[in-house]
Visitor: 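Quick one: the structure is below, questions incoming.
Lettering follows sequence order; numbering is per chain, from 1. Quantities reported herein were computed from a predicted structural model and do not represent experimental measurements. The basis for the numbers below is simple: all heavy atoms, side chains too, and nothing from hydrogens, waters or symmetry mates.
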Number of protein chains: 2
Amino acid sequence: MLLANADIDNSQALTERQKAVLDAALRLLVEEGDHLTMTAVARRASCSKETLYKWFGDRDGLLTATVQWQASKVRVAPVDGKGLDLASLTASLERFASDWLKVISSDTSIALNRVAVGHAGSGKDDLGAVVLENGRFALAKRLKPVLEAGRQAGLLEFSDAETAFRTFFGLVARDVQIRLLLGDRLELTEAAIGGDAARATQQFLALHGAKPGRKASDL
Amino acid sequence: MLLANADIDNSQALTERQKAVLDAALRLLVEEGDHLTMTAVARRASCSKETLYKWFGDRDGLLTATVQWQASKVRVAPVDGKGLDLASLTASLERFASDWLKVISSDTSIALNRVAVGHAGSGKDDLGAVVLENGRFALAKRLKPVLEAGRQAGLLEFSDAETAFRTFFGLVARDVQIRLLLGDRLELTEAAIGGDAARATQQFLALHGAKPGRKASDL
DNA sequence: CGGCAGCCGTACCGTACGTTACGGTTCGGC
DNA sequence: GCCGAACCGTAACGTACGGTACGGCTGCCG
């Protein structure tokens, strides 16, 4: 992780026209992957290349802006931990699992992750950091309070929220993301996602659900 | 793609010189990622570009051959399921987990997966399929017999070996691979890997270990 | 010894694409 | 109505790189 210092919501600094251009770039990115050319973006967005360079600096700047633009769109409402009981906790966890599976299996996420992975380690830009920050780390930031609340309410047992989160993450994502990124067909129907979310949640509860007579050190 | 019709273990069809060239290409791939040029490979391997094209057809052919060459090197000895008890099963699972974590955190694996992910969906070659086949699917092929043996021995309970495998996979890999692919620094020391392998194994046993009085339908 | 096949090194070609430059049009402010 | 800024469309430039051609060297075989 490097910077990501331009924290969040720089989406406000964008005019409507710029957003439209980035939307066009995003669509092209999903279709063509890292193959997209500045000419193609300009044509798709009905703008001149000169404008692209003025607004975004260079190709990497355009790519980064596009990724950040998409990231700014997926902010979801945080779950509140009021009146927590086992049923609502289970529902929350299933909701998180289901949402996450939907995200990582979407065309947009796959395309963005592919581009970011391809650019990682080149040192030219920080696409990987941006994607990570708005994906896996944002998820952790939203889920951990729920886990903590569950522990407070005596429903969950764990020593480290980060570790517990990563267990949940593993149970939900399993091999799905890497397979999709590598081009494996793997159609996730709505029903399959729901089933996986329920299974992952039950497994997580089996590992970290509070049970009288079990010591937390067993985890 | 031109050739690559010779399915697997075409490693035997390679001369020593060709292997040396592919090793050079592999090292370059780790250093430069998808940025490597045919000229750079030729220079590193001290061969002519003409030879590269004669042997591998084109750039994609060279890349594919390089990935397959690396894959052919990581064949590991399968574990035998003789005289299985809980201790040896646990040891086997920990061994699998530890090996897998070492693989996915290695520079070579990261570089290869990055290239394969970058090429996936372009339709030009099948790097993604090759990596998947020699990574995640090869792992499943080797681990499933162990799981089945564990079930036969009354040590494990599960209805579907594939699902059980994916649970184990998730518990082991968690967010490690995607974070590494996206460029997150995440140094896994020998000790950390050992600890993670033990934790994942214990979690898996907690979910699927045979316990008198628990119905398999609970899983 | 002559021929020839395989390969190295290098020069060369064509193209794709990032980047820049420029003429023409629209539009808000004076 | 006039000016300048912003922007569109397109042409032009430079370069990097995939792919090819060729001359020279080495070693094997008859």
Visitor: Is the shortest side-chain N to carboxylate O distance from R166(A) to D196(B) below 4.0 Å?
Guide: no
Visitor: For H208(B) and F158(B), take the angle between the two ring planes, folded into 0 to 90°, and tell me which bin it lands in: parallel under 30, tilted 30 to 60, perpendicular over 60.
Guide: perpendicular
Visitor: Rounded to whole Å, please give me the gap between CG in L63(A) and P in dC17(C).
Guide: 14 Å
Visitor: Could I get the full list of side chain to side chain donor-acceptor pair (under 3.5 Å) partners for E31(B), not counting sequence neighbours?
Guide: R44(B)
Visitor: Charged N to carboxylate O under 4.0 angstrom, D23(B) versus R27(B)?
Guide: no
Visitor: With sequence neighbours left out, what residues match F168(B) under ring pair (Phe, Tyr, Trp, His ring centres under 6.0 Å)?
Guide: F204(B)
Visitor: Report the residue (G57(A) or H35(A)) whose heavy-atom-nearest nucleotide on DNA chain C is the more 5′ of the two.
Guide: H35(A)
Visitor: What integer distance in Å separates D34(B):CG from dG18(D):C1'?
Guide: 13 Å
Visitor: If I take atom OH in residue Y53(B) and atom P in nucleotide dG9(C), what distance separates them, rounded to the nearest angstrom?
Guide: 16 Å
Visitor: Would F165(A) and L139(A) satisfy side chain to side chain contact (heavy atoms under 4.5 Å, CB included), going step by step from the backbone distance to the final call?
Guide: CA-CA 9 Å; F165(A) 166 76; L139(A) 180 65; 3.9 Å; yes
Visitor: Distance check needed: dA16(D) C1' versus E32(B) CD, whole Å only.
Guide: 14 Å
Visitor: Could you check which of dG18(C), dG19(D), dG18(D) has an atom nearest any side-chain atom of D58(B)?
Guide: dG19(D)
Visitor: Can you give one letter per nucleotide of nucleotides 7-12 of chain D, 5' to 3': B if a protein heavy atom sits under 4.0 Å from the base, S if only from the sugar-phosphate, - if neither?
Guide: SBB-B-
Visitor: Calculate the interatomic distance between M38(B) atom CE and dC8(C) atom P; express it in whole Å.
Guide: 13 Å
Visitor: Which whole-number value in Å describes the distance from Q18(A) CD to dA6(D) C1'?
Guide: 12 Å
Visitor: To the nearest Å, give me how far apart CZ (F56(A)) and P (dA6(D)) are.
Guide: 16 Å
Visitor: Between dA16(D) atom P and R43(B) atom CZ, what is the distance in whole Å?
Guide: 13 Å
